[in-house]
Number of protein chains: 2
Amino acid sequence: MAKTSQAAGLHRASLAKLHELDTALELMYYGWRGMTLEADAYLAKQGLSRPHHRILYVVARRPDIAIGALIEILGISKQALNRPLNLLLERKLLTSKRAPEQHRSKLLRLTEAGRRIERRASDHERQVLREAFARVGASGAAGWIGVMEAIADNN
Amino acid sequence: MAKTSQAAGLHRASLAKLHELDTALELMYYGWRGMTLEADAYLAKQGLSRPHHRILYVVARRPDIAIGALIEILGISKQALNRPLNLLLERKLLTSKRAPEQHRSKLLRLTEAGRRIERRASDHERQVLREAFARVGASGAAGWIGVMEAIADNN
DNA sequence: ATCTCAAGTCAACATAGTTGACATGAGGCG
DNA sequence: CGCCTCATGTCAACTATGTTGACTTGAGAT
C-alpha cells in the first residue's frame with residue numbers, strides 16, 4: 001500500500017504546458033486519482049486493495065459468476081486472481097458453491113459483509129462523481145459522459 | 001509489462017448497474033485505460049513504461065529540475081526513482097549535470113531523443129483526447145473539463 | 001575540521017502481475 | 001468401466017513497481 005497521505009502524483013499546476021492538451025491530459029490523471037483516493041484509503045483500512053475491490057465490484061453485479069468468467073472480465077490470469085480471491089473467501093466476504101447441474105464451475109456470490117464493503121468502497125468513488133456533477137450541472141455532466149464514452153470506445 | 005493485447009480490464013457494458021452512478025464510475029475506468037492504452041503500447045515497444053514516461057513528462061516541462069524536486073512531484077521515494085531514472089540516463093534520453101553554483105543538486109534535462117519519445121508517448125494520449133473533444137464539440141469539452149477539475153480538486 | 005545536505009546505493013520486503021507445469025475432480029461418452 | 005475434456009486449484013520462478021531502513025559519498029557552509 002502506498003502512503004495514503006500527501007501528493008503521490010504529479011503536483012498539480014506546477015508544470016509548464018508544452019501543448020494545448022497537456023491540461024486535459026493532467027486532468028485525466030488527477031481525475032482518476034481523485035476518484036479512487038478515498039476508496040483506496042477505505043480499502044486499505046480493511047486490509048484490502050484495488051484488485052479486491054475489482055473482484056467485489058464485478059461479483060456484486062454478476063451474482064453466481066463462475067471463476068472463468070470472472071478471470072475474463074478482470075483480464076488477469078487465474079494465478080493472479082488466486083491470492084486476492086482466496087483472501088476474500090477466507091474473510092467470508094464472498095462464498096463459492098458448486099452449481100446445481102453444472103458441477104464443473106464454482107459460482108461466486110457476495111456475503112452480506114462483502115456487499116457492505118463493496119458498497120462502501122464504491123460509494124466513495126460515486127460520491128466524488130456526484131459532487132462533481134452537482135457542481136457543473138446537468139449539461140456539464142452530459143458533456144463529461146459524451147467525452148468519456150468517446151475515449152472509452154477508442155479501444 | 002502486461003500483455004498489451006485483449007481486454008485487460010472490465011469488459012464494458014457486461015455488468016448490471018446497482019447504482020445510478022455505476023456507469024460514470026466505469027466510464028472513468030475505461031476512460032483512463034482508453035487514454036493510456038496506445039501510449040503504453042508505444043512505450044513498451046521502446047522498452048519503457050509508465051514510470052519512465054512520468055519522469056520524461058515532468059522533466060520536459062521543468063528543464064533543469066533537481067532530483068529532489070522530481071521525487072516530490074512524482075510522489076515516490078528516491079529508491080523507487082533510482083532504477084527508471086538510471087535507465088533513462090543510460091539510454092541517453094536525459095542528462096544530468098551539476099549546477100554552476102549549487103553543486104549539491106544535479107539538474108536534469110531531456111536529450112533530443114528523450115524529447116522525441118516524451119512527445120510521441122504524450123501525443124498518443126493527447127490524440128485520444130483530441131478526437132473525443134472533436135466528437136462532442138466545445139460545450140461538451142467544457143463540461144468535461146469542469147467535471148474533471150471538480151474531481152481533481154477533491155483532493 | 002566538522003557539519004549538513006543532496007544524492008546514490010544496498011538489502012529486505014510487499015504487492016500485483018506474468019508463464020509454465022502439474023494435480024484434482026466432475027461430466028460426457030464409447 | 002475407462003478414458004477424455006474441462007474448470008478449477010496450486011506450485012515455482014520470474015518481472016516490475018513500489019516501500020523502509022541503513023549507510024556512503026561528495027560538495028558547501030561554518
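Just so we're clear, the structure is a prediction, and the values are computed from it rather than from any experiment. All chains are named by letter (A, B, ...) in the order of the sequence lines, taking the proteins before the strands, and each is independently numbered beginning at 1.
Residues passing the side-chain contact (heavy atoms from CB on, under 4.5 Å) test with B:Pro51, sequence neighbours excluded: B:Ser49. For A:His53, the side-chain hydrogen bond (donor to acceptor under 3.5 Å, both in side chains) criterion is met by A:Ser122, not counting sequence neighbours. Applying the side-chain hydrogen bond (donor to acceptor under 3.5 Å, both in side chains) test to A:Arg120 and every residue at least two apart in sequence or in another chain returns nothing. In terms of the side-chain hydrogen bond (donor to acceptor under 3.5 Å, both in side chains) criterion, residue partners of A:Glu112 (sequence neighbours excluded) are, by chain and number, A:Arg115.
The listed nucleotides are D:dG9, C:dA16, D:dG18; the one nearest the side chain of A:Ile67 is D:dG9. The side chain of A:Ile76 lies closest to C:dG17, out of D:dT10, C:dG17, D:dG18. Each of D:dT10, D:dG18, C:dG8 was ranked by its minimum atom distance to the side chain of B:Ala80; first place goes to D:dG18. Taking the side chain of A:Arg54 as heavy atoms from C-beta on, and the options D:dT19, D:dG18, C:dG17, the nearest nucleotide is C:dG17.
Within the structure, every side-chain polar atom (N or O) of B:Ser105 is placed at least 4.0 Å from both OP1 and OP2 of C:dA6. Contact annotation: B:Ser49 reaches the phosphate of D:dT17 (side-chain N/O to OP1 or OP2, under 4.0 Å).
If you check the side chains of B:Tyr57 and B:Arg62, you find no donor sitting under 3.5 Å from an acceptor.
Residues A:Pro84 and B:Ala66 each lie close to DNA chain C; by heavy-atom proximity, the contact nearer the 5' end of the strand is made by B:Ala66. Each of B:Arg83 and B:Gln79 lies near DNA chain D, and the nucleotide nearest B:Arg83 is the one positioned closer to the 5' end.
In this structure, the helix from C:dA1-D:dT30 to C:dG30-D:dC1 shows an angle of 10° between the axis at its start and the axis at its end, each fitted on 5 base pairs and rounded to 10°.
A straight line from CG of B:Leu43 to C1' of D:dA16 spans 15 Å, rounded to a whole angstrom. Atom pair B:Lys106:NZ and C:dT9:C1' shows a separation of 12 Å (rounding to whole Å applied). The distance from atom CG of A:Asn86 to atom C1' of D:dT8 is 11 Å, rounded to the nearest whole Å. In this structure, B:Glu90 places its CD atom 13 Å from P of C:dG8, rounding to the nearest Å. Remark: C1' of C:dG17 and CZ of B:Arg50 are 17 Å apart, rounded to the nearest angstrom.
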With a 3.5 Å cut-off and sequence neighbours excluded, list the donor-acceptor pairs that the side chains of residues 125-132 of chain A form with protein atoms.
{"residue": "A:Glu125", "atom": "OE2", "partner": "A:Arg50", "partner atom": "NH2", "Å": "2.8"}
{"residue": "A:Arg126", "atom": "NE", "partner": "A:Asp123", "partner atom": "OD1", "Å": "3.4"}
{"residue": "A:Arg126", "atom": "NH1", "partner": "B:Asp22", "partner atom": "OD1", "Å": "2.8"}
{"residue": "A:Arg126", "atom": "NH2", "partner": "A:Asp123", "partner atom": "OD1", "Å": "2.8"}
{"residue": "A:Arg126", "atom": "NH2", "partner": "B:His19", "partner atom": "NE2", "Å": "3.3"}
{"residue": "A:Gln127", "atom": "OE1", "partner": "A:Arg130", "partner atom": "NH1", "Å": "2.5"}
{"residue": "A:Gln127", "atom": "NE2", "partner": "A:Glu131", "partner atom": "OE2", "Å": "3.0"}

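Sequence neighbours left out, not one pair with a member in residues 74-93 of chain A passes salt bridge (charged side-chain N to carboxylate O under 4.0 Å, His left out). Residue pairs meeting the ring pair (Phe, Tyr, Trp, His ring centres under 6.0 Å) criterion with at least one member in residues 107-136 of chain A, sequence neighbours excluded: A:Tyr42-A:His124, A:Phe133-A:Trp144.
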Listing time: all N or O pairs from protein to nucleotides 23-26 of chain D that are below 3.5 Å?
none

